[in-house]
Amino acid sequence: MEIRPCRAGSEPDCTTDLLAESRRIEPANLASRREAASIDHLLAARRELTLTAARIAPPEYIRAELGERPADPAKRHSWERGVDAIECHRQEHGISDRRHAFGAPSRDAHERAHQEETRLRLLRQVQRDLGREVASTRGRDMGRGMGMVR
């Protein structure tokens with residue numbers, strides 16, 4: 001297997017490709033185990049760089065979910081946990097949408113509900129720690145999900 005360098009702006013797709021390739025490898029011999037270790041190292045390095053960049057200059061989707069980086073150290077720690085959860089989820093699922101943390105809202109109501117469930121599962125406690133409440137916006141349109149209230 002050849003490990004290709006990523007093109008600028010294609011990190012989520014490239015990370016997904018590397019992850020998929022690493023899962024297909026059966027480390028039966030020393031060369032295969034080394035290659036698997038190399039892929040794991042590349043993925044970990046890429047994840048760490050992405051997390052660092054998101055903490056320093058949070059993209060729109062981070063600010064929408066978590067707000068700006070807090071000055072209070074305790075809240076900042078919670079905020080960084082939220083950034084980690086979002087970025088890890090995005091990398092694991094190959095999400096490259098720059099406006100929505102969990103990808104563009106699906107047109108399918110079932111999939112949209114799954115996206116919202118994932119969002120709440122990953123961020124509920126972090127948002128509480130930050131003083132951000134999750135408010136239900138479900139009404140006539142059952143597929144719209146939840147919204148954020150400060």
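What you see is a predicted model, and the numbers here were worked out from it, not measured in a lab.
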What are the two closest non-hydrogen atoms of [X] and [Y], and how far apart are they?
| X | Y | value |
| --- | --- | --- |
| P105 | R112 | CB-CD, 4.4 Å |
| I86 | A101 | CG2-CB, 3.8 Å |
| L130 | P70 | CD2-CG, 3.9 Å |
| R55 | P58 | O-CD, 4.0 Å |
| A54 | V83 | CB-CG1, 3.7 Å |

[atom1] of [X] to [atom2] of [Y]: how many Å apart, nearest 0.5 Å?
| X | Y | atom1 | atom2 | result |
| --- | --- | --- | --- | --- |
| D84 | R47 | CG | CZ | 9.5 Å |
| C88 | L51 | SG | CG | 5.5 Å |
| R98 | E60 | CZ | CD | 9.5 Å |
| R119 | Q127 | CZ | CD | 5.5 Å |
| S38 | L43 | OG | CG | 9.5 Å |
| L30 | R34 | CG | CZ | 4.0 Å |

*Measure from the side-chain N and O atoms of W79 to the backbone N and O of G67, and report whether any donor-acceptor pair falls under 3.5 Å.*
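Side chain of W79 to backbone of G67: a pair is present.
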
*Determine yes or no for a side-chain-to-main-chain donor-acceptor pair under 3.5 angstrom, with T118 supplying the side chain and H114 the backbone.*
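Here the side-chain-to-backbone pair exists.
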
*Tell me yes or no: between the side chains of S106 and Q115, is some donor less than 3.5 Å from an acceptor?*
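No - no donor-acceptor pair under 3.5 Å links their side chains.
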
Salt bridge check: are [X] and [Y] linked by an N-O gap of less than 4.0 Å?
| X | Y | value |
| --- | --- | --- |
| R69 | E80 | yes |
| R90 | D97 | no |
| R63 | E68 | yes |

*Apply side-chain contact (heavy atoms from CB on, under 4.5 Å) to I62 and E87, showing your working.*
CA-CA 9 Å; I62 295 286; E87 291 301 334; 3.9 Å; yes

*Should K75 and D129 be marked as a side-chain contact (heavy atoms from CB on, under 4.5 Å) after you check the CA-CA gap, both sets of side-chain angles, and the distance that decides it?*
CA-CA 7 Å; K75 286 188 176 187; D129 292 348; over 6 Å; no

*Do L123 and F102 touch side chain to side chain, with heavy atoms closer than 4.5 Å?*
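In short, these two side chains touch, coming nearer than 4.5 Å.
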
*Derivation and outcome, side-chain contact (heavy atoms from CB on, under 4.5 Å), residues R46 and L42*: CA-CA 6 Å; R46 183 161 294 132; L42 286 171; 5.6 Å; no

*Give a yes or no on whether the ring-centroid distance for H93 and H89 is below 6.0 angstrom.*
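Yes, the ring of H93 comes within the 6.0 Å limit of the ring of H89, centre to centre.
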
*Is atom CZ of R76 surrounded by more than 12 heavy atoms (other residues, nucleotides or ligands) closer than 6.0 Å?*
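Yes, because the 6.0 Å sphere around CZ of R76 holds more than 12 heavy atoms from other groups.
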
